[in-house]
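Before any comments, here is the structure.
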Amino acid sequence: MNHKDLNVWKESMLLVKKVYLLLAGFPQSEQFGLCSQMRRAAVSIPSNIAEGCGRNSDKEAIHFCYISHGSLAELETQLLISADLKYIKSDNDIFDQITTVRKLLSGFINHLQQKNDLNA
């Protein structure tokens, strides 16, 4: 399977773009702290989806999708911290994008698990 054809990968790439655009408005004092952590977490999401799809088995793909899921939770937490610090508004549409990616990622993991169970 080609990761670039997956909606979950496409939506996670859009999330990365939104994160980078959002971080441009953060205070300079956060560029090497919170901003750096959020960039790494955001980039990790589509990167691990791609790596999982490039592996030889659904079991490995599932493993890397769970890593993406963890990075998504990490990013959401960092964005909530940013909202608490008033760097962003708590109703920022980036939270909707996180929800979209979470749903797609969970669905993709379920699909892979069912496929893996059938082949076992």
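Note that the structure is predicted; figures quoted are calculated from it, not measured.
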Quick check against the 3.5 Å criterion: does N48 have a side-chain atom that pairs as donor or acceptor with the backbone of S44?
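Judged by distance alone, yes, a pair lies under 3.5 Å.
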Measure the [atom1]-[atom2] distance between [X] and [Y] for me, rounded to the nearest 0.5 Å.
{"X": "S71", "Y": "M38", "atom1": "OG", "atom2": "CE", "value": "14.0 Å"}
{"X": "I45", "Y": "S68", "atom1": "CD1", "atom2": "OG", "value": "7.0 Å"}
{"X": "D117", "Y": "Q113", "atom1": "CG", "atom2": "CD", "value": "7.0 Å"}
{"X": "I49", "Y": "L105", "atom1": "CD1", "atom2": "CG", "value": "5.0 Å"}
{"X": "L79", "Y": "D84", "atom1": "CG", "atom2": "CG", "value": "11.0 Å"}
{"X": "S12", "Y": "H3", "atom1": "OG", "atom2": "NE2", "value": "9.5 Å"}

Taking the side chain as C-beta and beyond, is there a heavy-atom pair between [X] and [Y] under 4.5 Å?
{"X": "K18", "Y": "L14", "result": "yes"}
{"X": "L6", "Y": "L104", "result": "no"}
{"X": "I88", "Y": "F26", "result": "yes"}

Non-hydrogen atoms of [X] and [Y] that approach each other most closely:
{"X": "L23", "Y": "C35", "result": "CD1-O, 3.6 Å"}
{"X": "I94", "Y": "N92", "result": "N-OD1, 2.9 Å"}
{"X": "V101", "Y": "V8", "result": "O-CG2, 4.3 Å"}
{"X": "K4", "Y": "W9", "result": "CA-CE3, 3.6 Å"}

Do I98 and Y20 belong to the same hydrophobic cluster, where Ile, Leu, Val, Met, Phe, Trp and Tyr are linked whenever their side-chain heavy atoms lie under 4.5 Å apart, directly or via other members?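 The answer is no; the residues belong to distinct hydrophobic clusters.
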Original post:
Would you say F95 and L75 are hydrophobically clustered, going by side-chain heavy atoms of ILVMFWY under 4.5 Å?
Top reply: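 Yes; L75 is reachable from F95 via cluster members.
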Handout entry: Greater than 12 external heavy atoms within 6.0 Å of N56's CG
Key =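 It does not: N56 CG has 12 such atoms or fewer within range.
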Checklist line | Worked verdict on K10 versus D5 for salt bridge (charged side-chain N to carboxylate O under 4.0 Å, His left out) | finding: CA-CA 8 Å; K10 291 174 187 175; D5 295 329; 5.6 Å; no
### Message
Can a side-chain donor-acceptor contact be found between Q97 and R102 if the only test is distance below 3.5 angstrom?
### Response
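No, because no side-chain N or O of R102 sits under 3.5 Å from a partner of the opposite role on Q97.
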Residue pair S36, R40: steps toward the side chain to side chain donor-acceptor pair (under 3.5 Å) verdict: CA-CA 6 Å; S36 178; R40 279 196 302 270; 2.9 Å; yes
- Query: Between V43 and V19, does a side chain to side chain contact (heavy atoms under 4.5 Å, CB included) hold up when you go through it step by step?
  - Reply: CA-CA 9 Å; V43 168; V19 166; over 6 Å; no
**Pairs flagged by ring pair (Phe, Tyr, Trp, His ring centres under 6.0 Å) wherever residues 49-85 is involved - sequence neighbours left out** =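 Listed once each, the pairs would be none.
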